[in-house]
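These notes concern the structure reproduced below.
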Amino acid sequence: MTSAMPQELPSVPRIAPPEPDLDPEELIRRAESMCDMLRSRQDAAEAEGNISVETNQALVDAGFYRVVQPKAFGGYGFDLPTYVRLIAAISRGCPETAWVLSLTLGHVYQLSTYPLAAQLDAYGQVGDFRAPEVAARQGVGVAVPGGYRVSGGWDYASGSEHGTHILLVFAVDEPHPNVDSVRMGLFDRRDYEIVRNWNTIGMQGTGSDRVTLDDIFVPEHRTKPYPDAMGMRHTLLPPEFYEDSPLFHGPFRPFTIAESASVVIGAAEGALDLYEEGFRVRRPAGPIKVSRYELSEYQLNFGKCRALVDTARAALLQASADFMKVAHEIQATNEPCSDEVERRITLVLLQGIELAHQAADIIFRTAGSSAARKDSMLGRYWRNICVMRGHVAHQLDSAAINFGRTHFGVPPVGIA
């Protein structure tokens, strides 16, 4: 993979962000202020299988999609702790909305290792870039002069309805010599169609439907080998565009897990909000005529859940801070992060997901039968967290095994 030649760089203008003076705390304040609005739209998102155009536009207008986007490309270039705080705040109001936001904004990280010409195409004149991604190879590209003609269908394209672009992995049919057999391409929104096939018990509002391409041409410069040398990603970043964006020098695995861990942990916070609200208005059945919050059983459960959610949040923030420390070191030394350090940071994030799931489970099984109603908001939080917890990338046991294998010099196994 190559970037544009150095002599081309001075002619490329930097893009100013919409609000040059926006700071992280104001961004988080905006996210927190949306909680009630997002809650009120949960039912509709689940019923429609997607967040609304209006909700997505509110995220765009607030500047959320640009939270870590490089400053040179019209973003705010904030750090990973700001990113995860933002996503957790949105997830507290609606996990499905947070999932769409987190993944489609987070793929600026993936875009950073495309050739510079592709990045310039993607950001355009104003820096408006939102891209779902399907990393599983589900399509085929035929090598032609100047690029590839790609066809196929890709499932689980979360946020595809609201993207400006999409990143898709395809196999190259009969590749020429020196051409990688699997590549990831950058496609425009006009290139793909959406097939509604997302039907799940949780996270239904993410619009994670199938996307299809029908003989779409993608230029060579808008593709890259996949998987690429993510451990050496810092050597691929044009310094003129990434010198003030250290996040992009950080290791691949913990960044991708932080994208979703922030959604799970924020959702657990939202579930705890509802749990407490229920305590204050509901009374136990039978002769005891007091509110639930006055009973030791519910006080105990609430305290346990509060500790679990707070610890999960602390893990999320600490891992994000550790990630940034490593990113700064890589940028300064030009030395990649060790596999053991990368896996260790990831383990902390996965432990946070585990703790958040434990809290949600206690909440659901002690909230009463009303939580199991199909229209229960608390039940929806629980279903959403369970679905996210089941993601193949969120399996703590397999990740812990591979950390141990790496630590003791034994090759890791599987995909964790």
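- A donor-acceptor pair under 3.5 Å is formed between the side chain of Trp154 and the backbone N or O of Val169.
- If you take CD on Glu32 and CG on Leu86, they are separated by 10.0 Å, rounding to the nearest 0.5 Å.
- Between Arg222 and Asp188 there is a salt bridge, since at least one side-chain N of the basic residue sits less than 4.0 Å from a carboxylate O of the acidic one.
- Considering all non-hydrogen atoms of both residues, His107 and Ala131 come closest at ND1-O, 2.6 Å.
- Contact detail for Ile363 and Leu378: the closest heavy-atom pair is CG2-CD1, 3.6 Å.
- Looking only at side-chain heavy atoms (C-beta outward), Tyr83 and Ser102 come within less than 4.5 Å of each other.
- No salt bridge links Arg344 with Glu340; every basic N to acidic carboxylate O contact stays at or beyond 4.0 Å.
- To the nearest 0.5 Å, the span separating CG on Asp215 from CG on Asp191 amounts to 11.5 Å.
- Side-chain contact between Phe255 and Phe248: absent, with no pair of heavy atoms (C-beta onward) separated by less than 4.5 Å.
- Relative orientation of the Tyr275 and Phe302 rings is parallel, given thresholds of 30° and 60° on the angle between their planes.
- A distance of 5.0 Å separates OH of Tyr114 from CE of Met184, quoted to the nearest 0.5 Å.
- Residues Arg130 and Asn56 have side chains in contact (heavy-atom distance under 4.5 Å, counting atoms from C-beta outward).
- Two residues are said to be in side-chain contact when any heavy atoms from C-beta on lie closer than 4.5 Å; Val387 and Ile201 meet this criterion.
- The line from CG of Leu316 to OG1 of Thr311 is 12.5 Å long, rounded to the nearest 0.5 Å.
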- Item | Residue pair Ser52, Arg41: steps toward the side chain to side chain contact (heavy atoms under 4.5 Å, CB included) verdict | CA-CA 9 Å; Ser52 68; Arg41 297 180 179 180; 4.2 Å; yes
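- Note that OG1 of Thr366 and CZ of Phe279 are 6.0 Å apart. Values are rounded to the nearest 0.5 Å.
- Annotation: Arg137, atom CZ; neighbour count of heavy atoms from other residues, nucleotides and ligands within 6.0 Å does not exceed 12.
- Electrostatic pairing of Arg14 and Asp244 counts as a salt bridge here, judged by a charged N lying under 4.0 Å from a carboxylate O.
- Among Thr55, Thr206, Leu38, the one residue that satisfies the side-chain contact (heavy atoms from CB on, under 4.5 Å) test with Glu96 is Thr206.
- Atom CZ of Arg29 is surrounded by more than 12 heavy atoms from other residues, nucleotides or ligands within 6.0 Å.
- Contact check for Asp273 versus Glu276: no side-chain heavy atoms found under the 4.5 Å cut-off.
- When every heavy atom of Leu350 is checked against every heavy atom of Ala393, the shortest pair comes out as CD2-O, 3.5 Å.
- Salt bridge Arg85/Glu25: present, at least one basic N to carboxylate O contact under 4.0 Å.
- Of the N and O atoms on the side chains of Arg253 and Thr346, not one donor lies less than 3.5 Å from an acceptor on the other residue.
- Nearest heavy-atom pair, Gly106 versus Glu259, reported as atom, atom and distance to 0.1 Å: CA-OE2, 3.2 Å.
- The two residues Pro132 and Ser158 come nearest to each other via the heavy atoms CB-O, 3.2 Å.
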- Task: Please test His391 against Ser260 for side chain to side chain donor-acceptor pair (under 3.5 Å), starting from the C-alpha separation and ending with a verdict.
- Result: CA-CA 10 Å; His391 195 290; Ser260 51; over 6 Å; no
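- Contact check on Arg306 versus Glu269 returns a salt bridge, with a Lys/Arg side-chain nitrogen under 4.0 Å from an Asp/Glu carboxylate oxygen.
- The side-chain heavy atoms of Gln204 and Asn199, taken from C-beta on, include a pair separated by under 4.5 Å.
- The pair Arg280-Glu277 fails the salt-bridge criterion, with no side-chain N (NZ, NE, NH1 or NH2) lying under 4.0 Å from an Asp/Glu carboxylate O.
- With 3.5 Å as the limit, one finds no donor-acceptor pair spanning the side chains of His162 and Thr104.
- Side-chain atoms of Leu237 and Phe241, non-hydrogen and from C-beta on, never get closer than 4.5 Å to each other.
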- Item | Intermediate values then yes/no, ring-ring contact (aromatic ring centres under 6.0 Å, His included), Phe187 and Tyr192 | CA-CA 8 Å; Phe187 300 90; Tyr192 65 87; 8.7 Å; no
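- Within the 3.5 Å criterion, the main-chain N or O of Ala157 finds no donor-acceptor partner in the side chain of Asp209.
- Taking 4.5 Å as the limit, every side-chain heavy atom of Leu349 sits out of range of all side-chain heavy atoms of Ile353.
- With rounding to the nearest 0.5 Å, the separation of CD in Gln110 from OH in Tyr226 is 5.5 Å.
- There is a side-chain donor-acceptor pair under 3.5 Å between Tyr381 and Gln42.
- Glu19 has no carboxylate O lying under 4.0 Å from a charged side-chain N of Arg66, or vice versa, which leaves the two without a salt bridge.
- Of the N and O atoms on the side chains of Asp173 and Tyr148, not one donor lies less than 3.5 Å from an acceptor on the other residue.
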